[in-house]
Enquirer: 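Here it is, the structure in full.
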Amino acid sequence: MSTRKIASLIKKLVKISGKANVVTKSWDKEAYEKGWRYGSGNAFAVTRPGNLLELWEILKACNKDGVIIIMQAANTGLTGGSTPHGNDYDRPVVIINTMRIDDIHLIDNGKQIIGLAGSTLYSLERKLEKYDREPHSVIGSTSIGASIIGGVCNNSGGSLVQRGPSFTELALYARVNKDGKLELINELGVDLGSNPEEILKNLEDRNYNEKNIVHSDKLASDNKYSDIVRQIESKIPARFNSDSRLLGGVSGSSGKVAVFAVRLDTYQKPKRNQVFYVGTNNPNVFWKMRRDILSKFKNLPVLGDYMHRDCYDAAKKYSKDTFIVIDKLGTNFLPTLFELKRKVDLLSKKFKFLPDKLSDRIMQFLSYLWPNHLPARMDKFRDMYEHHWIIEMSDDGIEEAKNYLDIFFKENEGDYFECTKKEGEKASLHRFVSASAFGRYHAIHDKNLGGAMSLDVAFPRNEKEWFEKLPKEIDDLIELKLYYGHLFCHVLHQNYLVKKGVDPDFLLEKILKLYDRRGAEYPAEHNVGHEYKAKPNLSKFYKDLDPTNTFNPGIGKTSKKKNWK
C-alpha cells in the first residue's frame, strides 16, 4: 500500500473520529504498540473511536483499503495479543483502541449486563455495588483496568473457583466474511433494528426496553464449570484456552472479530467471607486437601490461590510498591500508575543517558523506604512452611472448612490460621501482586541474567505431582523459579529467569515437552497471544471466524498473510 493511500486513509479516520483521536506520531503511538508485558510492533496509526457508530465507520474504511486491523482495549494482556508483533506483516497495520466506548447497561435489576467495547471490570464492579452483585472477576484483571470484552475474547479464567472462564454466547460483533465483506452479527439477544447503523445507534442510546430483550437458552456465563472442577479423577485439565467447549462467536476469539458489546451474567455477593491461610512443607498434603474439598465439601471455595515460599519472598521485596499503592490508594489508582510507568519508561528510552526500565528502578528504591507491609502471622508461616495456600470460603462453607481443617491438621503435617479481615485482604493482595515480582526482578538484575519465560499451565485434574520437579539438566540452567497459581483448578503460573548465556526458547521447548507427556494444556487462562502456538482446533476456529485474516494476523503463531497464505 502506497504512502499516498495510507495518508488518504488517515484523513478518513480523522474525519470520523477527529484529529485528537487519530495518533500517528511515533512517540505517542508507542504506548499502544507495545504490550503490557510482552510484544511490540509498528502501526501506521492508532484510532480511538468515541462511539459505536464511529467504530463501525472506521472498520468499513479500513476494510475497504485492505489494511490489517488490530482491536485493542486496555492492553493489559500478558502474552502480547492486543498489539502488533514484529514488523513482518504483508499489509499496513492500524490499531483501533476502544477505551473511549466505556458504557455499561444493567438489565434485569443487575442480574445481567451489556458491556460496550471499552467498558472495564473495575467500572462494572463499582456499578454493581448497589445491587449487592459482582462481576466475573473481582481481583487481578479488575485491578489493572482490564476490559470486560478482553476477558471474554481470551476466555480469561481468574482466581474464582466457582465461575470458570469468562464466556458468553450473547454478543454484537463485526467480522469480514470469505468474500471480504464487513458484516455486523447481532447475537446479543436484543431486538435493536434491521441495519447496522440503526442497531448500533439504538444500543448506544439505550433505545430498547424489556420487551426487546430476548430471554433464551443461550448462555451468558459458563454454567458447567463448578461441576467440572469437582471431577478430580479426570485426565483432562479443568480449564484451558483451547477448550472447544468454550470457543464460539466472540468467546475465545482473540481479536479475530471486532466486538461492539457483550451480554454477561453477574453474581450475588456472599453475605460472609472468611480467608484461611494454610501452610505445609509437603506438596502431597495440599494434593490430599484439594481432593477432599472438591469431592466432599457441599460448598465450593470462593478461591484457592497457591504461592511458593520463593515467590512469597520475591513478592515481598519486588512487588512491595504495587501492594502499597493498592492497599493505600485503592485499585482505582492502579491504571493511572501503569500509565505513568509507561510514560517514564518511554522517556528513559528517548534519553540514552537514563537507564532502561527507569520506572521500575525508581519504584523499587522508594519501596525500601516503607516498613514491612505484611502481617506477622503470614511472615511466621513463611519461616515455617515452603508451600502457602490462601483459601476463601463464604457463608455456610466457612464452618464446613473450619471443621475440616481442625481435624485434617491433627493427622497431617502443616497448619492453618483464620485471617482477620485485614489479614485476609493482605494475603489475597500479596498473592495478586506476586505476578509483578518476576518482571521487576528481571528489570533490576537484567545485566546478570539471561532471558525470561512465563508459563501458564493447566494440569490434569487427577495429577498428583502438581509441584514441579525439573530434571537436573534443565534445573541447572535456571537462575530463579517463581511458582504461584490457582490450586483447586490445577492452573499454575511458573516463571523462570534463565542463567546468562542460556537460550530461553530452547529451554522452553524442553519444558513444554515434559508437560505434553503429562497431559497438561497451555496456556490455561492468559491465551496464546504471540507467545504460544495455537492448537489445531484453536487455529481452525480463528480461520473460520476471519477467513481473510484481516483481524490480528499471526495470533497463536499462525500466518500473518492475507487469506492465510
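Quick caveat: nothing in here was measured; it's all calculated off a predicted structure.
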Enquirer: Is any side-chain heavy atom of Glu418 closer than 4.5 Å to a side-chain heavy atom of Gln274?
Expert: yes

Enquirer: Can you tell me if Arg272 uses its side chain to pair, donor with acceptor, with the backbone of Asp395 under 3.5 Å?
Expert: yes

Enquirer: Rounded to the nearest 0.5 Å, how far does OH of Tyr496 lie from CG of Leu507?
Expert: 8.5 Å

Enquirer: Please round to the nearest 0.5 Å and tell me the distance separating atom NE2 of His387 and atom OG1 of Thr280.
Expert: 7.0 Å

Enquirer: In terms of ring plane angle, is the pair Phe459 and Tyr515 parallel, tilted or perpendicular, where the classes change at 30° and 60°?
Expert: perpendicular

Enquirer: With the side chain counted from C-beta on, respond yes when Leu124 and Ile148 share a heavy-atom pair under 4.5 Å apart, and no when they do not.
Expert: yes

Enquirer: Backbone N or O of Pro135 within a donor-acceptor pair of the Arg163 side chain at under 3.5 Å?
Expert: yes

Enquirer: Tell me, with the steps shown, if Arg133 and Glu125 meet salt bridge (charged side-chain N to carboxylate O under 4.0 Å, His left out).
Expert: CA-CA 8 Å; Arg133 300 186 72 83; Glu125 189 175 7; over 6 Å; no

Enquirer: Do the charged groups of Glu233 and Arg461 touch, with an N to O distance under 4.0 Å?
Expert: no

Enquirer: Roughly how far apart are Asn284 CG and Trp466 CH2, rounded to 0.5 Å?
Expert: 9.5 Å

Enquirer: With sequence neighbours left out, write down each residue that passes ring-ring contact (aromatic ring centres under 6.0 Å, His included) with Phe260, or none if nothing qualifies.
Expert: none

Enquirer: Does Leu170 reach the side chain of Val262, with side-chain heavy atoms less than 4.5 Å apart?
Expert: no

Enquirer: Using a 4.5 Å cut-off on heavy atoms from C-beta on, say whether the side chain of Leu203 contacts that of Val190.
Expert: no

Enquirer: Rounded to the nearest 0.5 Å, what separates atom CG in Asp516 from atom CD1 in Ile511?
Expert: 12.0 Å

Enquirer: For Phe297, check ring-ring contact (aromatic ring centres under 6.0 Å, His included) against everything at least two apart and list the hits.
Expert: Tyr404

Enquirer: Applying the side-chain contact (heavy atoms from CB on, under 4.5 Å) test to Ile114, which of Leu264, Ile104, Leu188, Ile213 qualifies?
Expert: Leu188

Enquirer: Which residues pass the side-chain contact (heavy atoms from CB on, under 4.5 Å) test with Lys540, not counting sequence neighbours?
Expert: Asp544

Enquirer: Cation-pi check for Tyr385 against Arg382: NZ or CZ below 6.0 Å from the six-membered ring centre and within 45 degrees of the axis, yes or no?
Expert: no

Enquirer: Below 4.5 Å, heavy atoms only, C-beta onward: do Met453 and Glu531 meet side chain to side chain?
Expert: no

Enquirer: Using only atom types and a distance under 3.5 Å, with no angle test, would you say the side chain of Thr120 pairs donor to acceptor with the backbone of Ser123?
Expert: yes

Enquirer: What's the separation between atom CG in Asp103 and atom OG in Ser119, rounded to the nearest 0.5 Å?
Expert: 8.0 Å

Enquirer: Assess whether a salt bridge exists between Asp379 and Lys316, defined as any Lys/Arg side-chain N lying under 4.0 Å from an Asp/Glu carboxylate O.
Expert: yes

Enquirer: Quick one: are Tyr173 and Met71 in side-chain contact, heavy atoms under 4.5 Å?
Expert: no

Enquirer: Please say whether the positively charged group of Lys535, taken as NZ for Lys or CZ for Arg, lies over the ring of Tyr522, i.e. under 6.0 angstrom from the six-membered ring centre and within 45 degrees of the axis.
Expert: yes

Enquirer: Would you indicate whether the side-chain heavy atoms of Val278 and Ile390 approach each other to under 4.5 Å?
Expert: no

Enquirer: Just checking His308 against Tyr484, ring centres under 6.0 Å apart?
Expert: no

Enquirer: Could you check His388 against Tyr277 for ring-ring contact (aromatic ring centres under 6.0 Å, His included), going step by step and ending with a plain yes or no?
Expert: CA-CA 7 Å; His388 298 234; Tyr277 199 93; 5.6 Å; yes

Enquirer: Any carboxylate oxygen within less than 4.0 angstrom of a Lys/Arg side-chain nitrogen, looking at Lys422 and Asp327?
Expert: yes

Enquirer: Distance from Thr558 atom OG1 to Asn552 atom CG, nearest 0.5 Å?
Expert: 8.5 Å

Enquirer: Determine whether Arg440 and Met363 make a side-chain contact, defined as any pair of heavy atoms from C-beta on separated by less than 4.5 Å.
Expert: yes

Enquirer: Between Ser434 and Arg431 (side chain of the first, backbone of the second, donor and acceptor by atom type, cut-off under 3.5 Å), is there such a pair?
Expert: yes

Enquirer: Run the ring-centre check on Trp389 versus Phe381 and record whether the distance is less than 6.0 Å.
Expert: no

Enquirer: Under 6.0 Å between ring centres: does that hold for Tyr483 and His493?
Expert: no

